[in-house]
Amino acid sequence: MQLSFGPEVEDFRVELVAFLDEHVPVEARTGFDMMDSGAEDRTEVIPEWARRWQATLFDHGWMIPGYPAALGGRDATPIQTLAYLEEMARRRVPRSLHFPGYAIVAPSLLEFGNAEQQALIPAAIRGDTIWCIGMSEPDAGSDLAGLSTRAELDGDRFVVNGQKVWTSYATVAQKCFVYVRTDPTAPKHKGISLLIVDMDTPGIEIRPLRHLSGAANFAEVFFTDVEVPAANLVGAQNDGWRITQGSLAHERAGLWVEGVSRLESTVQSLVDLVQRRGLTADAGVRRRVAAFYEQAASLRALGYKGFASFAQGSSAPEHSYMRLATAELGKATYELGMELQGADAATRDSERGEENGRWVNMFFMSFANTIAGGTSEIQRNIIAQRVLGLPRA
Amino acid sequence: MDFTLSDEQQLLRDTARTLLAKECPPSLVRAHIDDPAAADELWLRVADFVALGGGPLTDLCLFVAETGSVAAPGPFFATAALFAPLLAAIDHELTPAVLAGETTGTVALAGADGVWAANDEPVKHFVPELDRVDWVAVIEAGPTVRVVPTDELPHRLLATIDWSRRLFELDSAALPGTAARLDAATLDEVVRRATVALAAEQVGTARRLFDMALEYAKQRIQFDVPIGSFQAIQHKLANVSLEVERADSAVQYAAMAVDALDDDRRRAAHVAKAAAGTAATHSAKDSIQIHGGIGYTWEHDLHLFLRRAYGSEAWLGPTGWHHDRLADLLFNA
Ligand SMILES: Cc1cc2nc3c(=O)[nH]c(=O)nc-3n(C[C@H](O)[C@H](O)[C@H](O)COP(=O)(O)OP(=O)(O)OC[C@H]3O[C@@H](n4cnc5c(N)ncnc54)[C@H](O)[C@@H]3O)c2cc1C
């Protein structure tokens with residue numbers, strides 16, 4: 001499915017295409033497979049070519065087209081932005097291999113930060129500063145508001161004690177958005193604040209954790225009497241919950257196009273795989289692949305339908321639908337890819353099996369999508385309660 | 001292409017919704033089980049809208065989503081979604097009268113396997129509303145078409161699961177009149193339009209079943225709380241609502257693609273019918289489960305929509321058949 005747009009958008013697309021043809025690095029053409037989760041055999045968390053590519057996008061106003069030039073954009077309209085995301089997705093070119101800075105920190109600081117904090121935004125979007133997000137804790141995952149990392153105000157600084165976990169990019173980040181409890185006596189949503197913390201501050205200890213796929217991409221982060229300037233408080237003290245809601249919404253807003261496009265390209269890969277394995281006459285296999293095609297295509301239509309609300313940046317109900325559906329379907333499509341390989345599915349051996357273990361890698365990595373940033377169960381709760389208006393338990 | 005509805009389209013949808021809620025209550029659907037004439041009054045109320053069959057499919061879909069939502073019986077779908085578009089496509093002399101709602105018709109095409117493609121079988125199967133319409137367009141191998149009056153044609157009413165849509169066998173061996181040539185591509189488009197329109201109807205049925213379940217979940221109290229506060233119920237409803245929204249969007253896209261004669265319309269139509277069938281049958285099953293015992297009764301209206309959902313699923317190609325056709329397009333492209 002490809003929607004056609006007016007000249008305003010098509011001219012924009014022509015310019016984008018010319019830029020991409022000239023600048024996309026060969027490494028980025030390996031496609032989505034290495035986005036955010038990191039392929040198993042990638043040794044660096046953020047390779048040098050990816051840093052250069054992100055900076056190039058920024059310098060040419062193609063990093064976040066809807067933003068002004070100073071923030072790596074070109075004041076694109078929402079529909080131009082959609083065309084941009086589509087074109088990138090169609091070419092399977094990732095913008096960045098670390099989303100926290102441009103997708104969460106930048107929009108949150110734009111909305112809630114003071115002038116000094118907003119000065120951090122360009123480097124966050126250009127990727128010059130690598131950020132991580134410290135939300136989850138050992139006892140606070142889905143129930144994020146139950147977080148217990150403490151920050152006590154002592155004159156002109158906060159003293160932070162506690163632990164974060166599953167913190168992506170913590171091993172390479174310079175800065176972290178740390179959600180802390182500043183009022184332990186208030187109801188749990190009302191005593192949370194957001195601090196900007198430099199990762200080289202004394203008292204921070206980072207212990208890398210490996211993903212189940214093998215990559216070392218997240219970490220535990222321990223805070224022991226870490227002193228953070230009071231000026232690093234984002235928004236009002238004890239008003240941090242509002243920002244968590246906002247930043248998660250920002251993260252979801254643009255991702256549906258990528259999610260759907262990735263799904264569509266996986267379905268196409270399944271078609272190729274079925275052909276290579278000589279299974280084209282298998283009626284059951286054909287039907288299952290077609291059913292995935294049906295679901296991907298109808299999700300794209302749903303995404304477009306909800307686009308008006310996406311474009312205005314509001315958290316449209318379609319966000320939760322799209323996130324839930326693309327994450328769950330992704331897992332199912334990769335699993336079929338493994339199944340189609342018969343006995344070879346047990347291997348990721350370059351001498352046999354398909355595409356050097358691509359399917360099993362993707363299947364294993366796809367588990368992250370139904371967990372990170374709100375599990376599928378939490379998405380269903382959100383749909384039931386916020387979209388359908390069902391009562392909380 | 002833009003998914004936002006124009007003011008006129010919103011007005012059309014709202015008008016249809018109000019009209020059909022008023023003119024087609026479940027009591028009418030029940031009365032029609034024993035006496036098909038019970039739907040005659042309804043036909044007079046909706047006849048004006050047959051004109052939609054000669055316009056953009058997008059608009060027809062908005063209307064039939066509402067007929068699906070009330071499981072409307074009668075000749076509307078056969079006339080507006082099958083007969084009128086066929087006549088308009090071949091520029092038949094009856095077209096103005098049909099589009100004006102002055103006369104009714106149906107189409108006979110499928111063979112015993114239920115596939116809506118030209119064939120040389122003398123008996124045509126799954127012909128909708130044959131004995132309550134004035135005309136039938138019989139399509140035979142060639143393809144050719146013959147538009148003949150329905151009176152005194154040999155036919156048999158099928159015993160069906162969905163009494164809101166009456167299906168027939170028609171013996172076309174000794175038909176009067178002469179057959180006119182029909183362009184295969186034209187027939188293809190006509191069947192595609194009807195398929196997408198049926199998918200739109202199914203989305204209406206799916207939404208009705210879902211709305212009934214959602215409302216019941218909010219009001220039925222067990223263990224001192226609304227059952228809708230139980231997560232098992234919440235997640236069922238979340239999953240079904242995702243399927244309904246997905247199908248709704250797929251149908252709208254397919255209708256736009258057909259209207260634009262876009263290359264993607266072949267795939268899009270199969271996607272729409274499969275997505276809508278899945279949404280409607282899942283919605284039916286979960287809605288009954290969420291209603292508990294009351295949902296299993298004859299008195300409750302749920303089974304009227306359950307029947308419509310499964311009847312429509314099997315008609316004009318079940319989900320699996322559309323997946324197979326989609327696979328043909330994917331693997332042989
Ligand atoms: C690859 C990856 C990267 C991540 N990166 C970051 C990061 O950079 N920063 C960060 O802060 N966090 C990060 N996370 C953490 C992630 O946000 C949490 O894992 C997630 O929110 C779930 O929390 P949890 O792991 O504690 O699971 P839990 O909340 O303990 O959930 C366990 C199970 O219980 C279910 N469950 C919990 N509550 C409910 C409920 N109310 N109803 C129904 N079921 C429920 C869940 O769905 C799940 O199946 C990352 C996670 C992954 C996998």
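Quick caveat: nothing in here was measured; it's all calculated off a predicted structure. Within every chain, numbering begins at 1; the chains are lettered A, B, ... in the order of the sequence lines, protein sequences first and strands thereafter. Heavy-atom basis, side chains included; hydrogens, waters and symmetry copies ignored.
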Reported [atom1]-to-[atom2] distance for the pair [X] and [Y], which is rounded to 0.5 angstrom:
{"X": "A:Leu390", "Y": "B:Leu214", "atom1": "CG", "atom2": "CG", "result": "5.5 Å"}
{"X": "A:Leu388", "Y": "B:Lys218", "atom1": "CG", "atom2": "NZ", "result": "7.0 Å"}
{"X": "B:Tyr253", "Y": "A:Arg300", "atom1": "OH", "atom2": "CZ", "result": "9.5 Å"}
{"X": "A:Tyr321", "Y": "B:Arg246", "atom1": "OH", "atom2": "CZ", "result": "12.0 Å"}

Does the side chain of [Y] come within less than 4.5 Å of [X]'s, by heavy atoms?
{"X": "A:Arg286", "Y": "B:Leu326", "result": "no"}
{"X": "A:Pro391", "Y": "B:Val225", "result": "no"}
{"X": "B:Leu329", "Y": "A:Tyr293", "result": "no"}

B:Ser241/A:Val387 under side-chain contact (heavy atoms from CB on, under 4.5 Å): CA gap, chis, key distance, verdict: CA-CA 10 Å; B:Ser241 86; A:Val387 182; 5.8 Å; no
Top contributor to chain A contacts, counting heavy-atom pairs under 4.5 Å, from B:Gly228, B:Ala247, B:Ala272: B:Gly228
Pairs of heavy atoms under 4.5 Å with chain A: top-ranked of B:Ala275, B:Ala268, B:Pro226, B:Ala217: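 Option with the top pair count is B:Ala275.
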Around atom [atom1] of [X], are there more than 12 heavy atoms of other residues, nucleotides or ligands at under 6.0 Å?
{"X": "B:Gln289", "atom1": "CD", "value": "no"}
{"X": "A:Asp139", "atom1": "CG", "value": "no"}
{"X": "A:Gln275", "atom1": "CD", "value": "yes"}

Select one option (side chain, backbone, both, neither) describing which atoms of [X] are under 4.5 Å from chain A's heavy atoms.
{"X": "B:Phe223", "answer": "neither"}
{"X": "B:Asn239", "answer": "side chain"}
{"X": "B:Glu243", "answer": "neither"}

Donor-acceptor pair, side chain of B:Gln252 and main chain of A:Ala301, under 3.5 angstrom: no
Donor-acceptor contact present, side-chain B:Glu245 to main-chain A:Leu302, <3.5 Å: no
Taking every non-hydrogen atom, the tightest pair across A:Ser298 and B:Ser249: O-CB, 4.2 Å
Least distance between heavy atoms, B:Ala327 atom then A:Ala290 atom: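 Reported closest heavy-atom pair: N-CB, 3.9 Å.
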Step-by-step side-chain contact (heavy atoms from CB on, under 4.5 Å) determination, A:Lys305 to B:Thr4: CA-CA 7 Å; A:Lys305 205 165 177 192; B:Thr4 39; over 6 Å; no
Side chain to side chain contact (heavy atoms under 4.5 Å, CB included) involving A:Ser376 - partner list, sequence neighbours excluded: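 Here the qualifying residues are A:Leu324, A:Glu328, A:Thr370, A:Arg380.
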[X], part contacting chain B, at a heavy-atom distance under 4.5 Å:
{"X": "A:Arg392", "value": "backbone"}
{"X": "A:Asp272", "value": "neither"}
{"X": "A:Gln295", "value": "both"}

Electrostatic pair B:Lys273-A:Glu294, nearest N-O below 4.0 angstrom: no
